[in-house]
Amino acid sequence: MERRKAEVACVKTAEGFEVNFHARYSAGAEELVQVCADASAPAPLDRELRALTQATLTAPRAKRRLLVLSRDPSIPIGETGVSVQPAYEWLLAEAT
């Protein structure tokens, strides 16, 4: 996040869910980033998506992103508006 020049904080919702990063970029964009090593199992995936969904109540303009350990096309993301990306791709992507 530092390379992307974002102001970063973690988010804890009123329901007790946590989102790893709430990034605010200098251009005004916001992003909620959740990191999950293994999103292939239903329980961890549900927990991570629930936290992202709840956090949008405090950051409604923020894009939602789930970073996972590896590219697995079988990860069933029912949530619309959540970008799923391998962490290595996100880390290597050009900072915008």
Side-chain angles (χ1 to χ4, degrees):
M1 299 278 182
E2 185 175 321
R3 182 171 64 94
R4 291 175 165 81
K5 298 181 181 7
E7 180 183 314
V8 180
C10 64
V11 176
K12 187 163 187 175
T13 68
E15 293 80 11
F17 301 115
E18 293 183 9
V19 172
N20 301 119
F21 304 104
H22 178 201
R24 292 182 184 102
Y25 300 99
S26 58
E30 295 181 41
E31 187 171 36
L32 293 165
V33 180
Q34 192 72 319
V35 182
C36 181
D38 183 11
S40 61
L45 179 61
D46 289 344
R47 181 183 64 241
E48 305 298 354
L49 293 175
R50 184 173 49 240
L52 281 170
T53 300
Q54 291 298 318
T56 58
L57 298 174
T58 59
R61 298 179 322 132
K63 293 181 181 177
R64 297 179 291 164
R65 182 180 307 275
L66 177 62
L67 297 179
V68 295
L69 188 57
S70 63
R71 180 177 297 281
D72 184 355
S74 66
I75 296 174
I77 303 297
E79 286 287 318
T80 58
V82 176
S83 299
V84 179
Q85 184 177 19
Y88 69 87
E89 282 183 1
W90 185 82
L91 289 167
L92 294 174
E94 193 65 35
T96 55

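Side chains are part of it too, since the values below use all heavy atoms of this structure and drop only hydrogens, waters and symmetry mates. Residue numbers count from 1 along this sequence. All values reported here derive from a predicted model rather than from experimental measurement.
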Determine the minimum heavy-atom distance between [X] and [Y], stating which atoms define it.
X   : Y   : result
L32 : A55 : CD1-CB, 3.8 Å
A62 : E31 : CB-N, 4.0 Å
L52 : R64 : O-CD, 3.7 Å
L57 : P60 : O-CD, 4.2 Å
E18 : Q34 : O-NE2, 3.0 Å
A51 : V19 : O-CG2, 3.4 Å

Membership question, hydrophobic clusters at under 4.5 Å side-chain separation (ILVMFWY): are V82 and V11 in the same one?
yes
Is there a path of hydrophobic side-chain contacts, each under 4.5 Å between heavy atoms of I, L, V, M, F, W or Y residues, that connects W90 with Y88?
no
Quick one: salt bridge (charged side-chain N to carboxylate O under 4.0 Å, His left out) pairs with a partner in residues 19-28, sequence neighbours left out?
E7-R24
Distance check, rounded to the nearest 0.5 Å: L49 atom CG versus Q54 atom CD?
12.0 Å
Should F21 and V35 count as side-chain neighbours, where that means a heavy-atom distance under 4.5 Å?
yes
Sort out for me which residue in L66, L69, N20 forms a side chain to side chain contact (heavy atoms under 4.5 Å, CB included) with C36.
L66
